[in-house]
Amino acid sequence: MSITDGLDLVSSHAYATQGIPHEVWTRLRAGSPVHWCTPAGFEPFWAITRHADVCEISKQPDAFSSASGIAMIPRAQEEVVREQSLGGTMRVIIEMDPPEHRGYRKVASPVFTPRAVKAMDDAIRTSAREIVDRLAGDSGEGECDFANDVAAAHPLRILSTMLGVPRESEPDILRLTNQLFASDDPDLQRKGEDRRQATIEMGLEFYRLFDGIIKDRRANPRDDLASVLANATIDGEPMGMMETLGYYLITFSAGHDTTKNALVGGMRAFLENPDQFEKLKRNPDLLDSAVEEVVRWSSPVNHMKRKVTRDYELRGQKLRAGDWLVMFYASANRDEEVFEAPFEFRIDRKPNPHLAFGVGEHFCLGANLARRSQRALFRELAQRMEWAELAGEPEQIHSAFVVGLKKLPMRYRIRPAA
Ligand code: HEM
């Protein structure tokens, strides 16, 4: 009997009810690392589960294209997703192939270099401190839902600052991103409405918000990402309106839920491995390797899809032009051939060549920002959190694409701000 038909690897419902399918991936890595899946309701696809194969594929965008979509979604939802991109007219870099992709990537890459991100450190640290101050309150003791109260708030503040979203619009952008992109989680969808109509309205709301920012930054450019995008040129011509809008949206949507899910996955790992949290408190110089381990452990981007453009042989399997394949990062990040004791959470793991930020052509543009955002928050927590424990059952998000917890109830005692 086949190890899996693939449904447990791509169905949002399976992730929400059974969690991350590590057992299936472990069997696939050992017995069928390039595995043909035919899940009901989805297009058939090759499941790629080993580290080396994810690298080989990601470094050959001419053979494995991103342009036909990157997330595995049920056939029944394909129409809705087309509408989310305003009929397919809104184009984003993550779904472009070279050579076009390179020109668009160059637009924003100077804003995300380690040096440029370091210049944002004050804003990033202030966000972390304010959030932890709020948790501490007057008494220092309390209960919270770490997912919403902490992990969502931090990247929201940082990305809003970069993209010029005014503070009063932060809740709107968070709600819209959740509804448009996050998942098909029933809790996050607007209730009792025609889904198609709701999607169109949300698209228009987004458009109005960013259109105002774009016009403002064209008239009064500043030293921020919002201005870089609003005034960008491609081959000497101003970047098109749909491409500009797409860039705002991809930055926000690619940056928010991923960072949030890494933070919440990291906090859960610390609660379940208190010795590792103690170690971090005693050794703040482990912060950088702790962040890498948090990202490997949580692997918030669960998969990326590619379309095979020419016949290709991989581990003896014959992939045909036109086939879909899906790379599972969380599986590659537990590959026994690469990681010692891959199912142990070790904040001093070195080397840690995880693929949570991807690899090759589309390597995460925001990786430096994601690292510094997490570093600031875990630093603040390690310095001030005296004690913490789970205060209820964590709940998994209804998604097989950007995965993580939607609820992490916890109790804590935090030292008030110095
Ligand atoms: C822990 C947090 C994050 C994780 C795990 C993550 C993961 C990833 C992965 C796996 C890819 C590669 C996609 C592919 O190969 O097709 C990617 C691409 C991308 N990420 Fe991230 N990301 C994170 C945070 C961010 C942040 C904070 C931003 C921006 C503010 C961002 C912006 C992007 C963009 C624009 C791309 C597309 C790059 C391209 O197509 O060249 N990400 N990310």
Side-chain angles (χ1 to χ4, degrees), residues 117-175 177-178 182 251-253 255-271 277 280-281 284 287-288 290-291 294-295 298 300 347 366 368-392 394-395 397 402 404-418:
V117 170
K118 220 167 175 186
M120 287 199 52
D121 250 8
D122 277 350
I124 294 173
R125 283 194 196 165
T126 305
S127 165
R129 196 175 339 103
E130 285 178 3
I131 289 169
V132 177
D133 282 350
R134 205 168 58 219
L135 272 195
D138 291 334
S139 71
E141 287 197 348
E143 275 192 27
C144 71
D145 169 12
F146 191 87
N148 285 305
D149 302 340
V150 180
H154 187 47
L156 177 63
R157 172 57 42 83
I158 296 165
L159 290 168
S160 297
T161 309
M162 289 182 87
L163 289 172
V165 177
R167 269 206 185 193
E168 64 275 12
S169 304
E170 282 181 12
D172 292 334
I173 184 121
L174 183 60
R175 173 178 51 82
T177 319
N178 276 337
T251 312
F252 202 91
S253 58
H256 185 266
D257 282 4
T258 48
T259 309
K260 171 192 162 195
N261 292 353
L263 291 169
V264 71
M267 191 65 233
R268 182 188 199 174
F270 282 125
L271 291 173
F277 198 45
L280 183 59
K281 286 179 173 179
L287 260 171
D288 287 332
V291 165
V294 161
V295 181
S298 54
I347 63 163
N368 294 315
L369 179 67
R371 288 181 169 123
R372 294 213 70 89
S373 306
Q374 291 173 75
R375 192 180 194 284
L377 191 75
F378 285 124
R379 179 169 172 266
E380 197 71 24
L381 290 171
Q383 280 174 353
R384 294 173 56 189
M385 191 170 264
E386 292 170 351
W387 163 90
E389 66 177 15
L390 270 181
E395 262 180 58
I397 300 172
V402 176
L405 297 176
K406 68 174 165 189
K407 275 199 188 124
L408 181 65
M410 61 182 261
R411 238 172 253 122
Y412 55 83
R413 189 165 60 238
I414 292 176
R415 252 193 305 281

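This structure is a prediction, so every number in the text was calculated from the model and none was measured. In what follows, residues are counted from 1 in the order of the sequence shown.
- A salt bridge links Asp172 with Arg175: at least one charged nitrogen is closer than 4.0 Å to a carboxylate oxygen.
- What you find for Ala290 and Leu280 is that their closest heavy atoms are CB-CD1, 4.1 Å.
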| said: One pair to check against side-chain contact (heavy atoms from CB on, under 4.5 Å): Met162 and Thr251. What are the steps and the verdict? | reply: CA-CA 10 Å; Met162 289 182 87; Thr251 312; over 6 Å; no
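- Here NZ of Lys406 is found 12.5 Å from CG of Asp257. Values are rounded to the nearest 0.5 Å.
- Between the side chain of Lys281 and the main chain of Met385, a donor-acceptor pair closer than 3.5 Å is present.
- When every heavy atom of Leu263 is checked against every heavy atom of Phe378, the shortest pair comes out as O-CZ, 3.6 Å.
- Ion pairing between a basic and an acidic side chain is recognised when a charged N comes within 4.0 Å of a carboxylate O; Asp133 and Arg384 show such pairing.
- Across every non-hydrogen atom of Ile124 and Ser373, the tightest pair is CG2-CA, 3.8 Å.
- In this structure, Gly265 and Ser298 approach most closely via the heavy-atom pair CA-CB, 4.1 Å.
- The line from CZ of Arg372 to NZ of Lys118 is 5.5 Å long, rounded to the nearest 0.5 Å.
- To the nearest 0.5 Å, atoms NZ (Lys407) and CG (Asn148) are separated by 8.0 Å.
- Of all non-hydrogen atoms in Leu381 and Phe277, the two that sit nearest each other are O-CZ, 3.9 Å.
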| request: Go through the steps for Leu408 and Leu390 under the test side-chain contact (heavy atoms from CB on, under 4.5 Å), then give the verdict. | output: CA-CA 8 Å; Leu408 181 65; Leu390 270 181; 3.6 Å; yes
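- In this structure, OH on Tyr412 lies 8.5 Å from CD on Glu143, to the nearest 0.5 angstrom.
- Residues Pro155 and Gly255 come closest through the heavy atom pair CB-O, 4.4 Å.
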| said: Assess the residue pair Asn261 and Ile397 against the criterion (side-chain contact (heavy atoms from CB on, under 4.5 Å)); give the C-alpha distance rounded to whole Å, side-chain angles, the decisive distance to 0.1 Å, and a yes or no. | reply: CA-CA 10 Å; Asn261 292 353; Ile397 300 172; 3.7 Å; yes
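- When each of Arg413, Arg415, Arg411 is tested with Glu141 by the rule salt bridge (Lys or Arg N to Asp or Glu O under 4.0 Å), just one qualifies, namely Arg413.
- Between the side chain of Glu380 and the main chain of Ala376, no donor-acceptor pair closer than 3.5 Å is present.
- Taking OG1 of Thr126 as the reference point, atom CE of Met120 lies at 10.0 Å (rounded to 0.5 Å).
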| field | Verdict with supporting geometry, Val264 and Val150, side-chain contact (heavy atoms from CB on, under 4.5 Å) | value | CA-CA 8 Å; Val264 71; Val150 180; over 6 Å; no
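- Residue pairs meeting the ring pair (Phe, Tyr, Trp, His ring centres under 6.0 Å) criterion with at least one member in residues 146-172: none, sequence neighbours excluded.
- Residues satisfying the ring-ring contact (aromatic ring centres under 6.0 Å, His included) test with His256, not counting sequence neighbours, are Phe252.
- Atom CG of residue Leu156 and atom OG of residue Ser127 lie 8.5 Å apart, to the nearest 0.5 angstrom.
- Between Leu369 and Thr259 there is no side-chain heavy-atom pair separated by less than 4.5 Å.
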